[in-house]
Amino acid sequence: MSKELTTRAADYSQWYNDLVIKGGLADYSAVRGCMVIKPYGYALWENMRDQLDKRFKETGHVNAYFPLFVPKSLFEAEEKNAEGFAKECAVVTHYRLKTDPDNKGKLIVDPEAKLEEELVVRPTSEAIIWNTYKGWIQSYRDLPLLINQWANVVRWEMRTRLFLRTAEFLWQEGHTAHATKAEAIEETEKMLDVYAEFVEEYMAVPVIKGIKTPNERFAGAEETYCIEAMMQDGKALQAGTSHFLGQNFAKAFDVQFMNKENKLEYVWATSWGVSTRLIGALIMAHSDDQGLIMPPKIAPLQVVIVPIYKGADSKPVIDEKVATIMAELKALGIRAKYDDNDNARPGWKFAEHELKGVPVRIAMGMRDLENNVVELARRDTKEKQTVPLDGLAGLVQNLLEEIQQNIYNRALAFRADHTSEANSWEEFVDLLDNKTGFVSAHWDGTAETEDAIKDKTKATIRCIPLNNKQEAGVCILSGKPSTQRVLFARAY
RNA sequence: CGGGAUGUAGCGUAGCCCGGUUAUCGCGCCUGGUUUGGGACCAGGAGGUCGCAAGUUCGAAUCUUGCCAUCCCGACCA
């Protein structure tokens with residue numbers, strides 16, 4: 001079969017790629033490091049985007065759109081931010097092509113059409129946005145400014161992976177300006193909560209909320225908050241970040257406001273983002289060797305109905321019954337499809353919908369029709385049951401909720417199983433190598449130790465969990481005193 | 001970007017070492033028929049710049065060089 005998947009045990013990376021490609025989420029493109037998001041994958045993204053967008057708006061944000069290009073002089077204004085991204089920027093240097101005089105039918109960059117100032121293709125939009133905010137903010141009455149944009153960004157990565165790290169990706173980036181430090185920090189934390197709630201409740205992926213160490217901090221931020229998720233191979237994935245930017249960008253772009261006391265002050269900033277990388281997290285957190293497993297709340301398709309018929313006579317009878325079921329499902333807002341394509345037989349359809357991760361499948365044949373029942377199958381456990389037609393829609397609705405909860409619980413249990421405490425270096429290394437997952441251990445708080453641990457084990461500090469328990473201990477590597485444990489893991 | 005591997009029809013592949021008729025097989029696709037409760041069967045058919053570009057040769061899927069892409073390991077990666 002061309003649709004055969006690599007198993008997780010055989011080759012986890014290949015399994016992941018197979019799911020993305022064969023599950024119809026995305027395809028490789030003609031551009032290095034860039035992918036085509038196919039309709040099924042995009043439908044998933046749209047569902048995720050719609051939920052997030054709703055929450056952003058509920059928390060007082062509005063959407064806007066800023067340019068793809070950032071003049072180099074603006075880009076370099078905030079030094080740390082510029083430095084952090086410099087190595088992965090695509091840069092536009094010319095604005096015209098012309099026909100090659102030496103090679104008919106080919107085009108060359110017109111050397112006459114060199115831009116006076118290079119344009120950086122945004123790897124993130126702080127620079128262009130803060131340059132704009134300068135003109136929008138004069139008074140405390142203009143604050144807070146709470147803006148989000150849905151956009152694409154480009155980061156010229158050396159090594160790319162479908163959804164997890166592509167040269168171009170889709171995301172949202174919130175950029176807010178506040179009158180006080182406290183309010184900006186509150187915003188940073190609020191948006192982290194929005195992310196955590198969305199990822200847990202809709203994507204059914206449990207996350208750890210925490211803050212990054214200075215080493216792992218966003219370039220130009222005072223503090224980076226993050227949510228960290230765990231994949232089925234025990235590796236961590238940063239699922240979203242929310243940054244408290246202090247006054248760094250306000251100072252770099254000279255954004256000041258007049259406060260109530262008629263004094264000029266620099267504004268306080270935040271930025272926060274999640275990307276199509278979340279789709280990678282979704283895949284690796286839930287799916288199995290048969291294919292994708294979509295959380296019902298954001299699944300492009302929640303229910304698929306497969307007719308089983310012998311001869312042309314029975315099909316119209318089934319069609320009629322299914323039309324009723326479809327109407328009932330749609331009345332409850334359930335995304336359902338009647339897969340009556342005659343080219344494929346039922347067994348093929350079952351396998352295909354399992355590959356695509358459709359949460360619930362309903363099969364209906366004459367046998368069922370006579371007994372007024374259908375076969376109801378759930379993707380997460382592969383369990384099948386025969387249920388009466390009466391009250392089917394309600395039952396399906398409950399089942400969708402149960403599946404959502406079940407895959408969350410499953411991921412949570414996996415994470416619990418793969419979260420350990422290490423109290424010695426030997427134990428630490430052993431856990432990372434053999435148990436994988438998060439390892440909670442004491443760290444002396446220095447960047448040197450953090451780097452040394454990374455060099456020796458490839459594990460990084462994923463975060464210092466919020467509201468972390470304070471306890472005296474000694475650093476796993478240096479033996480120096482420590483006041484708290486931090487979460488280590490190998491990560492994507 | 002460094003090391004390794006791979007690239008032959010939509011997918012998976014044989015052939016490559018040791019150059020030589022019309023590039024192998026399976027799945028998928030098209031037509032017709034029979035089918036349909038876990039990836040159907042029969043018959044007929046279409047589909048190939050052998051990743052791309054140069055080179056060596058009378059002759060290149062096969063040898064050489066460069067490039068591109070994917071995977072693995074590293075570096076890098078907010």
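To find a chain, count down the sequence lines: A is the first, B the second, and so on, and within it residues start at 1.
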Whole angstrom value for the distance that separates P of G38(B) from CG of Asp339(A): 16 Å

Look only at the side chain of Glu88(A) and the backbone of Glu157(A), and say whether a donor-acceptor pair between them is shorter than 3.5 Å. no

Closest to the Ile308(A) side chain: C71(B), A78(B), G37(B)? G37(B)

Select base, sugar-phosphate, or nothing to describe what Arg277(A) touches, counting heavy atoms under 4.0 Å on all strands. nothing

Could you please name the option among G39(B), U35(B), C71(B) that lies closest to any side-chain atom of Glu352(A)? G39(B)

Give me the distance, rounded to whole Å, that separates G19(B) from C29(B) when you measure between the P atoms they each carry. 40 Å

What is the separation between atom CG on Asn343(A) and atom P on G32(B), rounded to the nearest whole Å? 12 Å

May I ask which nucleotide in the shown strands pairs with C16(B), Watson-Crick or G-U wobble, both distances under 3.5 Å? none

Could you tell me the separation between the CG atom of Asp27(A) and the C1' atom of G10(B), rounded to a whole number of Å? 11 Å

Measure the spacing between CG of Leu278(A) and CD1 of Ile283(A) and express it to the nearest 0.5 Å. 11.0 Å

NZ or CZ of Arg122(A) within 45° of Trp171(A) ring axis and under 6.0 Å: no

Would you measure the distance from the P atom in G38(B) across to the matching atom in U34(B) and give it in whole Å? 22 Å

Whole-Å C1' distance, C27(B) and A14(B): 15 Å

Is the positively charged end of Arg361(A) above the ring of Phe350(A), judged by distance under 6.0 angstrom from the centroid and angle within 45° of the axis? yes

Tyr492(A) vs A78(B): side-chain N/O to OP1/OP2 distance below 4.0 Å: no

Separation between the P atoms of A9(B) and C50(B), rounded to whole Å: 10 Å

Among C71(B), C76(B), U36(B), which nucleotide has an atom closest to any side-chain atom of Met158(A)? C76(B)

Which base sits across from C1(B) as a Watson-Crick or G-U pair, both distances under 3.5 Å? G74(B)

For atom P, what is the distance between U49(B) and A5(B), given to the nearest Å? 28 Å

Are the side chain of Thr59(A) and the backbone N or O of Phe56(A) linked by a donor-acceptor pair below 3.5 Å? yes

Have a look at Glu375(A) and say if it touches a base, only the backbone sugar-phosphate, or nothing, with a 4.0 Å heavy-atom cut-off. base

Suppose you measure atom P in C17(B) against the same atom in A60(B); what distance do you get, rounded to whole Å? 14 Å

Does A40(B) have its OP1 or OP2 closer than 4.0 Å to a side-chain nitrogen or oxygen of Arg345(A)? yes

Looking at Asp455(A), I'd like to know if its CG atom is crowded, meaning that more than 12 non-hydrogen atoms belonging to other residues, nucleotides or ligands lie closer than 6.0 Å. yes

Pick one: which of Thr241(A), Val207(A), Ile211(A) meets side chain to side chain contact (heavy atoms under 4.5 Å, CB included) with Cys226(A)? Thr241(A)

Quick one: does Lys384(A) reach the base of G38(B) with a side-chain donor-acceptor pair under 3.5 Å? yes

Determine whether any donor atom in the side chain of Glu354(A) lies under 3.5 Å from an acceptor atom in the base of G38(B), or the reverse, and answer yes or no. yes

Hey, which of Glu450(A), Glu228(A), Glu222(A) is the one that makes salt bridge (Lys or Arg N to Asp or Glu O under 4.0 Å) with Lys212(A)? Glu228(A)

I want to confirm an ordering. Mapping Ala351(A) and Ala219(A) to their closest nucleotides on RNA chain B, which one lands closer to the 5' end? Ala351(A)

Could you tell me whether the phosphate oxygens of A78(B), OP1 or OP2, come under 4.0 Å of any side-chain nitrogen or oxygen in Lys212(A)? no

Closest to side chain of Arg161(A), choosing from A78(B), C72(B), C77(B): C72(B)

Would you measure the distance from the P atom in A53(B) across to the matching atom in C68(B) and give it in whole Å? 15 Å

Which part of the nucleic acid, if any, lies within contact of Arg32(A), taking any heavy atom under 4.0 Å across all strands shown: a base, the sugar-phosphate backbone alone, or nothing? sugar-phosphate

Separation of atom CH2 in Trp348(A) from atom P in C41(B), rounded to whole Å: 15 Å

Geometric cation-pi criterion, Lys356(A) with Tyr40(A): 6.0 Å, 45°: yes

Select from Met366(A) and Ala491(A) the residue whose nearest nucleotide in RNA chain B is closer to the 5' end of that strand. Met366(A)

Is there a Watson-Crick or G-U wobble partner for U6(B) with both distances under 3.5 Å, and if so, which one is it? A69(B)

Mind checking if Gly365(A) touches a base, just sugar-phosphate, or nothing, with heavy atoms under 4.0 Å? base

Whole-Å distance separating the CH2 atom of Trp171(A) from the C1' atom of C77(B): 14 Å

Measure from the side chain of Asp342(A), starting at C-beta and using heavy atoms only, and say which of G38(B), U35(B), U70(B) lies closest. U35(B)

Mind checking if Asn17(A) touches a base, just sugar-phosphate, or nothing, with heavy atoms under 4.0 Å? sugar-phosphate

It should be established whether Ser13(A) places a side-chain nitrogen or oxygen under 4.0 Å from OP1 or OP2 of nucleotide C72(B). yes

Indicate, with a heavy-atom threshold strictly under 4.0 Å, whether Asp340(A) touches base, sugar-phosphate, or nothing. nothing

Calculate the interatomic distance between Arg367(A) atom CZ and G37(B) atom C1'; express it in whole Å. 5 Å

Would you say Arg159(A) reaches C76(B)'s phosphate, i.e. side-chain N/O to OP1/OP2 under 4.0 Å? no

Regarding Glu216(A), tell me which of base, sugar-phosphate or nothing describes its non-hydrogen contacts under 4.0 Å with the strands shown. base

Take atom CG of Asp313(A) and atom P of U35(B), then tell me their distance rounded to the nearest Å. 12 Å

Pairing partner (Watson-Crick or G-U wobble, both distances under 3.5 angstrom) of U24(B): none

Assigned partner base of C41(B), Watson-Crick or wobble definition, under 3.5 Å: G33(B)

Arg462(A) CZ to C77(B) C1', straight-line distance once rounded to whole Å: 11 Å

Nearest-Å distance once atom P is located in both G39(B) and G28(B): 13 Å

With heavy atoms under 4.0 Å as the rule, sort Lys349(A) into base, sugar-phosphate or nothing. nothing

